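A note on names: the letters A, B, ... follow the listed sequences, proteins ahead of strands, and every chain is numbered from 1. Just so it is clear, the model here is predicted, and its values are computed rather than measured.
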There are 2 protein chains.
Amino acid sequence: MRVDHYPIGALSAATGVKIETIRYYEKIGLMPSPPRNEGRQRIYDAGHLERLSFIRRGRELGFSLDQIRELLGLVRGHGLTCAEVKTMTDGHVADIRRKVKDLKKLERVLSELAAQCSGNAVPDCPILEALSVGR
Amino acid sequence: MRVDHYPIGALSAATGVKIETIRYYEKIGLMPSPPRNEGRQRIYDAGHLERLSFIRRGRELGFSLDQIRELLGLVRGHGLTCAEVKTMTDGHVADIRRKVKDLKKLERVLSELAAQCSGNAVPDCPILEALSVGR
DNA sequence: TATGCGACCTGTAGTGACTACAGCTTCAAG
DNA sequence: CTTGAAGCTGTAGTCACTACAGGTCGCATA
């Protein structure tokens, strides 16, 4: 048997989610409003801890809060969970691949420009020229 | 000799930057307030076109508006342009590399999870389990 | 018991880089 | 002269927080 009721600071420490962020999640309805003690301070239990950990790990995997809301609905809900979750994940992976591709292209362009850069005080800078000239 | 004065819509079409965005750039001081005609509408010239194109290409290369502000200062300014620009660019490339690394890691984790996913209606979903189970 | 201090509270505003909208005025073509 | 497109201002919304001001509460120590 655990004590299983902690204030917001303990929940924050246990999950690594900042206090303000926890209150923000409550405000936008992602976390339920917990009961309060006599002094109107929030008291959380293990269920809250679990849910908040889920949210945090989802964020670490790059899901948006809306996607996490959806995932939470699937967990608690009743439905074709695995198929739906797979669809969401596949879309998410496709997003990530697109981003990586764009960023690598960017990196290539910038590296090439920087390589042409003499690093001395001459005002002819290939990077600024690339930004300023045509197209 | 060019006509060299166009309203905001023409500037928008010429640069590919949306009208609202141009006004936003003016509000935050990134673009100068252009002269107005009798009817209080903005009239731009080739200088504005050039500056806005610079901003746009900078954004395409992933610079923040603050970084672009700095770059614009260097262009007009007087200083060790090439060296400073190279430093900024190198830092920017390092940022991009970090992002790419993180995203690829994410992609790998998600792909592995999705691969374990049967896609059928069974409620045991490896992705949800990965999110729900401890660390 | 007093007091002090850290933890907690609410509410608001700021971040970055826009986007959207309401409700006007102005311009240009027919 | 009318109509419709283009322009205007100002405000609010987006996303996911973060920061701050100005209070209240809980607990340990003197």
For side-chain contact (heavy atoms from CB on, under 4.5 Å), just list the numbers for A:Glu60 and B:Leu106, CA-CA rounded to whole Å, side-chain angles, deciding distance to a tenth of an Å, and then say yes or no. CA-CA 8 Å; A:Glu60 277 171 3; B:Leu106 216 64; over 6 Å; no
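- The separation between B:Ile55 atom CD1 and C:dG16 atom C1' is 15 Å, rounded to whole Å.
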Provide a list of protein-nucleic acid N or O atom pairs under 3.5 angstrom, restricted to nucleotides 15-23 of chain D.
unit_1: D:dA16; atom_1: N7; unit_2: A:Tyr24; atom_2: OH; d: 3.3
unit_1: D:dC17; atom_1: OP2; unit_2: A:Tyr25; atom_2: OH; d: 2.9
unit_1: D:dC17; atom_1: OP2; unit_2: A:Arg59; atom_2: NE; d: 2.9
unit_1: D:dT18; atom_1: OP2; unit_2: A:Thr21; atom_2: OG1; d: 3.1

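- Within residues 32-45 of chain A, the residues approaching DNA chain C are A:Arg36, A:Arg40, A:Gln41, A:Arg42, by heavy-atom distance under 4.0 Å.
- When rounded to the nearest whole Å, the span between CD of A:Glu26 and C1' of C:dC8 equals 13 Å.
- Side-chain contact between B:Ile8 and B:Arg42 is present, with at least one heavy-atom pair separated by less than 4.5 Å.
- Residues B:Leu72 and B:Ile55 form a side-chain contact, since some pair of their non-hydrogen atoms from C-beta on lies under 4.5 Å apart.
- Between the B:Arg59 side chain and the B:Phe63 main chain, a donor and an acceptor come within less than 3.5 Å of each other.
- Atom CZ of B:Arg36 sits in a crowded spot, with more than 12 heavy atoms from other residues, nucleotides or ligands closer than 6.0 Å.
- Remark: B:Lys99 does not engage B:Asp95 in a salt bridge, criterion side-chain N to carboxylate O under 4.0 Å.
- Regarding B:Ile22, its CD1 atom lies at a distance of 13 Å from the C1' atom of D:dA6, rounded to whole Å.
- Atom CG in B:Leu11 sits about 16 Å away from atom C1' in D:dC8, given to the nearest Å.
- Here A:Ile19 lies in heavy-atom contact (under 4.0 Å) with sugar-phosphate atoms only.
- In this structure, B:Glu50 contributes its side chain and B:Gly47 its backbone to no donor-acceptor pair below 3.5 Å.
- For the pair A:Tyr6 OH and C:dA7 C1', the interatomic distance rounds to 18 Å; values are reported in whole Å.
- Salt bridge status for B:Asp66 with B:Arg69: present, with a side-chain N to carboxylate O gap under 4.0 Å.
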